Amino acid sequence: MDDLSKSDMKFFSDQQHCFADILLPHEVPARIQVVVLNFLKILSSPDPAISDLPLINRKSSNSRVSEGILTDVSWIFLSHSFCSRSLMKANATKAFIRVWKVMEMCFEILIQDKRVTQRELFYKLLCDSPHYFSSQLQVNRTIQDVVALLRCSRYSLGIMASRKGLVAGRILLQEPNQEAVDCSACGSSGYAISGDLNLLESLSMKTDARYIVVVEKHAIFQRLAEDNVFNQIPSILLTAKGYPDIATRFLLHRMSRAFPDLPILALVDWNPAGLAILSTYKFGSIGMGLEAYRYACNVKWLGLRGDDLQLIPQQSLAPLKPRDLQIARSLISSTILRDNYRQELAVMMQSGQGAEIEALYFNGYDYLVKYLAKKIVQANYI
């Protein structure tokens, strides 16, 4: 898929796709050393200056959505528009120093042949540089700054994803030199998706499923797994327990490559957050636009959909919160939404209400399986 995506990029040369490389462990320290040497060269020149750090701009104004020519997968990409982190601007000083701190930490991690999660990196930076790192969000954003500066993936920096996602259903997963795991026998707890992308890449996978169902919520995933939905609907269940992490998206992408004939169907809440989660699986995110094409999948929206509201009582509809409206405005202003997505979002905003998957329990706790079967038979997805 990587080679196919890169080939597809050639058709968009006028739009200048910019992407992050997957590098070998010894290559990233070399890139960091080049950045340091260039900085020192300017600093020690006859006309010394503290140079800014040029980063690929990760704002929505620099994002586009590719329409795949060689593949049916579309993804968010960034073009060669730059922003900077500067030591000479008061409001950017800390951000400038954070980039150097994270690069230093990544350099040490790679030299020691180690890998860390974002959470582990946060606590290390919090202890070493508390004046510059006081929240996980600051670390996450700075990691993306480093990716935008060095043009290499987070995983190449020695940063692995947290273990968050789960898989259940009709698939056998086998790690190298290990026994195969039958995910249909894992119960409602499912198979925990590793944060090691190299391990996920090396997994051997076999399935007789006909569908992959991506579930927004952990509780819904557990209910479907507990009801053995995959025995009634030959399927693989996958969840990231909310907004998708890199490891879950990576494994889904791997499944799409291994089983290209299996439709990937998303079951999310009918609200702006649910649509944002679906869009992240389908297109990637602007913040990770340099890597989005490595994880994007042709995910189809199974439900909940606007025409499903007739299945639930009016009193189960939930008012949209300020955060929901903020997400909705962000989605509407983006370039990723298709017209039919926008129409659903417009209905949500006009009504000021959303619906959660759990509202289907009004029809009985066993109704979810019937609902999935009905939607799949109707092929009422896009």
Side-chain angles (χ1 to χ4, degrees), residues 2 5-23 27-28 31-32 34-36 38-39 41-42 49-69 71 73-103 106 137-157 159 246 249 276 279-280 282-296 326-327 329-338 342:
D2 286 350
S5 296
K6 287 183 180 179
S7 298
D8 206 18
M9 286 180 184
K10 295 177 182 177
F11 290 92
F12 297 91
S13 57
D14 59 319
Q15 295 175 321
Q16 292 187 303
H17 284 74
C18 191
F19 57 91
D21 298 318
I22 294 180
L23 302 178
E27 293 176 317
V28 180
R31 287 199 182 186
I32 293 174
V34 168
V35 172
V36 173
N38 287 339
F39 181 81
K41 182 179 178 180
I42 296 173
I50 298 177
S51 57
D52 294 345
L53 295 173
L55 316 180
I56 295 296
N57 191 338
R58 303 192 304 282
K59 292 184 178 180
S60 58
S61 58
N62 189 41
S63 68
R64 305 288 187 277
V65 176
S66 74
E67 295 295 340
I69 293 177
T71 172
V73 178
S74 300
W75 63 87
I76 290 174
F77 70 89
L78 301 178
S79 60
H80 287 261
S81 172
F82 290 87
C83 61
S84 66
R85 298 291 177 264
S86 172
L87 188 65
M88 309 310 292
K89 296 179 181 178
N91 61 346
T93 299
K94 285 192 173 183
F96 176 91
I97 295 175
R98 287 186 193 118
V99 173
W100 287 104
K101 290 286 186 182
V102 169
M103 275 200 297
C106 290
L137 181 61
Q138 289 173 342
V139 174
N140 297 351
R141 286 176 174 171
T142 306
I143 290 170
Q144 288 307 313
D145 279 352
V146 175
V147 168
L149 175 67
L150 299 179
R151 313 279 187 89
C152 66
S153 69
R154 291 195 320 171
Y155 194 74
S156 298
L157 292 169
I159 301 169
I246 291 298
R249 288 166 57 192
S279 298
T280 302
K282 189 174 182 68
F283 303 108
S285 62
I286 294 172
M288 293 195 64
L290 290 166
E291 302 183 66
Y293 77 96
R294 300 188 189 278
Y295 311 110
Q326 182 181 350
I327 293 171
R329 287 191 291 268
S330 176
L331 286 170
I332 286 178
S333 65
S334 73
T335 58
I336 66 175
L337 283 192
R338 298 176 177 179
R342 289 182 183 277

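Keep in mind that what you see is a predicted model, and the values were worked out from it rather than measured. No hydrogens, no waters, no symmetry mates; every other heavy atom, side chains included, goes into these values.
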Test side-chain contact (heavy atoms from CB on, under 4.5 Å) applied to Gln144 and Asn140, step by step = CA-CA 7 Å; Gln144 288 307 313; Asn140 297 351; over 6 Å; no

Roughly how far, to the nearest 0.5 Å, is the CD1 atom of Ile143 from the CZ atom of Arg98?
-> 12.5 Å

Check against side-chain contact (heavy atoms from CB on, under 4.5 Å), Phe96 and Asp145 | CA-CA 9 Å; Phe96 176 91; Asp145 279 352; over 6 Å; no

Is there side-chain contact between Leu149 and Pro54, with at least one heavy-atom pair below 4.5 Å?
-> yes

Check Leu150, Val102, Leu23 against Leu157 for a side-chain contact (heavy atoms from CB on, under 4.5 Å) and give me the one that passes.
-> Leu150

Please confirm whether the backbone N or O of Gln326 pairs with a side-chain atom of Ser330, one donor and one acceptor, at under 3.5 Å?
-> no

Nearest 0.5 Å, what's the CD1-CG distance between Ile42 and Asp52?
-> 9.5 Å

Do Tyr155 and Ile246 come close enough that some side-chain heavy atom pair is under 4.5 Å?
-> no

Would you say the side-chain atoms of Ser86 pair up with the backbone N or O of Met88, donor to acceptor, closer than 3.5 Å?
-> yes

Separation of Ser153 OG from Ile22 CD1 (nearest 0.5 Å) | 5.0 Å

Is there a side-chain contact (heavy atoms from CB on, under 4.5 Å) between Ile56 and Phe82 once you walk through the steps?
-> CA-CA 5 Å; Ile56 295 296; Phe82 290 87; 3.7 Å; yes

Arg151 backbone acceptor or donor facing Arg31 side chain under 3.5 Å | yes

Quick one: closest heavy-atom pair of Ala20 and Glu291, and the distance?
-> CB-CG, 3.8 Å

Compare all side-chain heavy atoms of Tyr295 with those of Thr280 and state whether any distance is below 4.5 angstrom.
-> no

Please check if the side chain of Arg249 supplies one atom and the backbone of Ala296 the other of a donor-acceptor pair under 3.5 Å.
-> no

Of the non-hydrogen atoms in Ser156 and Asp21, which two are nearest, and what is the gap between them?
-> OG-O, 3.7 Å

The reported gap from OG in Ser84 to CG in Leu53 (rounded to nearest 0.5 angstrom) is 8.0 Å

